[in-house]
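As the structure is a prediction and not an experimental result, all values here were calculated from the model. So you know, we letter chains A, B, ... as the sequences are listed, proteins then strands, and number each from 1. Note: hydrogens, waters and symmetry copies are ignored here, and every other heavy atom, side chains too, is used.
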Amino acid sequence: MIKEKIRKDIFNVAKQLDIHCNDQFMVEVPNLKTHGDFSSNVAMVNSRLNKLKPMELAEKLADGLKKKKDYRKVEVAKPGFINFFLANSFYHKMLVNIVNAGDTYGSSDYGKKRKVLLEFVSANPTGPLNVVSARAAAYGDTLFRVMTFVGFHAFREFYINDAGNQVDILAESVELRYRELHGERVGEFPPEAYHGEYVRDLAVRLNAQEGSKLFHISEKDRLEKMKLFALEEIHKMQLESLKRFDVTFENWMSEKKLRQEGILEEALSYLAEAKCTYESDDAVWFSSSKFGDEKDRVLIKSDGNPTYFVPDIAYHLTKFQRGFDIIIDVLGPDHHGYVPRLKAAIQALGHDVNKLEIVYLQHINLFEQGQQVKMSKRAGKIITMDELISEVGKDAARYFFIDRKPSSHLNFDLELAKKKSNENPVYYCQYAHARIASILKKAKNDKITLKKFDIKNLKKLDKPDELSIIKHLIDFPGVLILLADNREPHRLASYTYELAGMLHKYYAVHQISDPDNLELSQSRLFLITAIQNVLAISLHLMGISAPKKM
RNA sequence: GCGCCAGUAGCUCAGUCGGAUAGAGCAACGGAUUUCUAAUCCGUGGGUCAGGGGUUCGAAUCCCUUCUGGCGUGCCA
């Protein structure tokens with residue numbers, strides 16, 4: 001992290017010169033190259049404190065900083081900026097570090113082993129995963145990979161709503177299809193039932209296993225059997241889809257299990273102890289409005305059953321009991337009205353609500369030939385995650401889902417994702433990686449080797465584009481930390497795309513491997529080795545393959 | 001009505017947390033391969049950062065307000 005280094009240098013010089021310096025100032029990359037590799041507003045921020053004009057203060061600091069050998073030039077500009085130009089030797093030193101670090105480059109102990117729970121996807125076990133789940137899967141998994149890489153102790157968790165109303169309806173839907181198989185006329189399929197073709201498949205498979213036997217047991221037992229069968233099968237389907245997407249979970253939390261273990265009662269009794277519940281209209285209420293929710297919420301319905309809210313409270317209670325430092329829920333946009341009451345419950349239970357973070361992923365619109373693909377859940381006409389993966393491939397799908405920041409609506413262009421051309425950013429990134437592999441192979445054939453590489457040779461790397469590539473490579477660890485802190489995987493997609501672009505441009509202008517120019521070639525091969533290393537790491541963190549050949 | 005998210009080039013979006021002349025890609029047009037992969041590169045045009053006000057040395061970024069779009073606002077999950 002160069003910015004940190006420069007900050008430290010500034011602080012040191014200020015101390016030596018007896019200049020007051022608070023930490024409010026910034027070090028950043030200016031828009032214009034003529035303004036240096038980095039610049040700082042330190043003199044402007046601290047001018048009042050030192051009773052000096054910004055320009056005067058800047059001059060003083062700059063004089064001290066000029067003495068450091070990592071800077072080629074330190075200059076002062078108009079309102080009071082200090083501009084830093086780094087020495088080539090500094091870049092070369094960093095480049096060697098990058099290659100030496102290998103696939104650990106960018107990793108750090110930044111997260112200080114803080115325990116992080118990432119809950120995402122958590123789709124109802126009532127059907128195949130859809131594209132929204134796919135976005136959540138790509139988002140959550142990439143965030144997990146990066147947070148782990150920068151030193152957090154992260155866990156992925158999938159919460160299965162395998163109890164309650166929805167799964168009863170699922171069982172009834174299977175029942176109807178099962179009856180149909182046995183020649184019964186079930187008439188119009190109820191609108192609230194699950195219409196998807198997979199329900200029929202489930203019935204067929206159940207029938208293959210059990211035949212008409214199920215008619216000889218009570219309806220209650222039969223429905224229970226169907227429920228278990230359907231849940232098991234759908235869970236396997238979802239697991240399989242996620243596996244195709246290279247996403248796994250450390251833990252699957254079952255709502256049914258929470259109920260069986262009495263966590264719901266536990267949560268309810270804590271709320272009662274905290275005097276946050278009361279009875280009214282034959283129902284039990286939670287006084288969530290005490291904690292900022294807009295109104296109180298029902299916990300136990302007048303029919304004696306808990307609302308879906310209760311298991312959610314119980315589930316979150318376990319998250320806190322398990323001792324996580326950071327708890328991240330990745331939710332769809334339709335849940336944001338729900339969060340205030342959840343946070344109210346956490347406060348009522350006496351836990352630190354600040355540990356809970358909610359990330360809302362916005363909706364996805366699929367486009368095909370410029371037309372939005374209309375999806376209707378009722379008619380069972382949805383595009384599943386599996387169909388999407390088959391259609392565009394895992395790599396493209398994961399990239400496209402990560403490419404936008406979570407709060408943006410995502411327009412997914414199916415045509416573009418399938419294209420194998422420069423228009424498709426996924427291939428653009430992968431091709432850069434493959435291209436390097438190809439150059440390295442060629443160099444090997446030409447007997448240009450990198451073994452026992454002498455750092456002095458890197459002096460040949462002095463072109464502006466070479467230095468800005470190295471600069472970009474040096475940024476990598478900082479990008480990962482920024483990404484982890486802000487929970488914004490899209491930064492990695494942009495970063496990778498930019499790096500790939502730099503390689504392609506570099507390739508177009510310079511002969512990298514040239515047997516007639518051994519020393520220069522070795523320097524350049526060293527550079528592209530570093531690029532390839534970083535490309536491979538970023539692609540891996542995004543769950544995208546890094547091919548050697550395309 | 002209230003709440004949340006968004007509004008940046010014709011389109012899709014970035015913008016490193018308040019910095020200097022707001023950036024890419026696509027689309028349009030014009031160029032570049034006797035070459036380490038043209039799945040690539042170079043060039044050209046394109047902007048009232050939705051509107052207005054405020055905060056300060058300085059605002060796409062922070063505050064207020066108006067407008068537009070999406071979602072939410074169940075004893076459904």
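As judged by a 4.0 angstrom heavy-atom cut-off over every strand, A:D293 is placed among residues making no nucleic acid contact. In this structure, A:H510 reaches the bases: a heavy-atom distance under 4.0 Å links it to at least one base atom across the strands shown. In this structure, A:K405 reaches the sugar-phosphate backbone alone: every heavy-atom distance under 4.0 Å involves primed, P, OP1 or OP2 atoms, never a base. If you check every strand for non-hydrogen atoms under 4.0 Å, A:F309 touches nothing. Within 4.0 Å of A:N411, counting heavy atoms only, lie sugar-phosphate atoms of the nucleic acid but no base atom. Within 4.0 Å of A:D312, counting heavy atoms only, lies no atom of the nucleic acid at all. Within the nucleic acid shown, A:A432 has no heavy atom closer than 4.0 Å to any nucleic acid atom. A:M26 comes within 4.0 angstrom of the backbone, heavy atoms only, and of no base. Heavy atoms of A:K444 sit nowhere under 4.0 angstrom from any nucleic acid atom.
The side chain of A:Y308 lies closest to B:rA77 when the candidates are B:rC13, B:rA77, B:rC36. Of the candidates B:rC13, B:rG19, B:rC36, B:rC13 carries the atom nearest the A:R404 side chain, counting heavy atoms from C-beta on.
Relative to the six-membered ring of A:F412, A:R404 misses at least one condition, a distance below 6.0 Å or an angle of at most 45° to the axis. A:Y507 carries A:R435 over the face of its six-membered ring, with the cationic atom under 6.0 Å from the centre and within 45° of the normal.
By the 5.5 Å and 30° criteria, A:F81 is not stacked with the base of B:rG19. Centre separation under 5.5 Å together with a plane angle under 30° holds for the ring of A:H35 and the six-membered base ring of B:rA20, marking them as stacked.
Without hydrogens or angle criteria, A:Y495 side chain to A:L480 main chain gives no donor-acceptor distance under 3.5 Å. Judged by distance alone, the side chain of A:N305 and the main-chain N or O of A:K301 form no donor-acceptor pair under 3.5 Å.
Under the Watson-Crick or G-U wobble criterion, with both distances below 3.5 Å, B:rC41 is paired with B:rG31.
In this structure, CD1 of A:I512 is placed 13 Å from C1' of B:rC41, rounded to the nearest angstrom.
Distances shorter than 4.0 Å separate none of the side-chain N or O atoms of A:Y495 from OP1 or OP2 on B:rG15. The shortest distance between the side-chain N/O atoms of A:R297 and the OP1/OP2 oxygens of B:rG74 is not below 4.0 Å.
Scanning atom types as modelled, no donor and acceptor separated by under 3.5 angstrom connect the side chain of A:T307 and the base of B:rC75. A donor and an acceptor atom sit less than 3.5 Å apart, one in the side chain of A:N486 and one in the base of B:rC17.
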Pull out every protein N or O sitting under 3.5 Å from an N or O of nucleotides 1-5 of chain B, one pair per line with the distance.
{"unit_1": "B:rG3", "atom_1": "N2", "unit_2": "A:H336", "atom_2": "NE2", "d": "2.4"}
{"unit_1": "B:rC5", "atom_1": "O2'", "unit_2": "A:S407", "atom_2": "O", "d": "3.3"}

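Separation of the P atoms belonging to B:rG74 and B:rC63 is 28 Å when rounded to the nearest angstrom.
Using the six-membered ring where Trp is involved, A:Y338 and A:F309 have ring planes that are perpendicular, over 60° apart on the 30 and 60° scheme.
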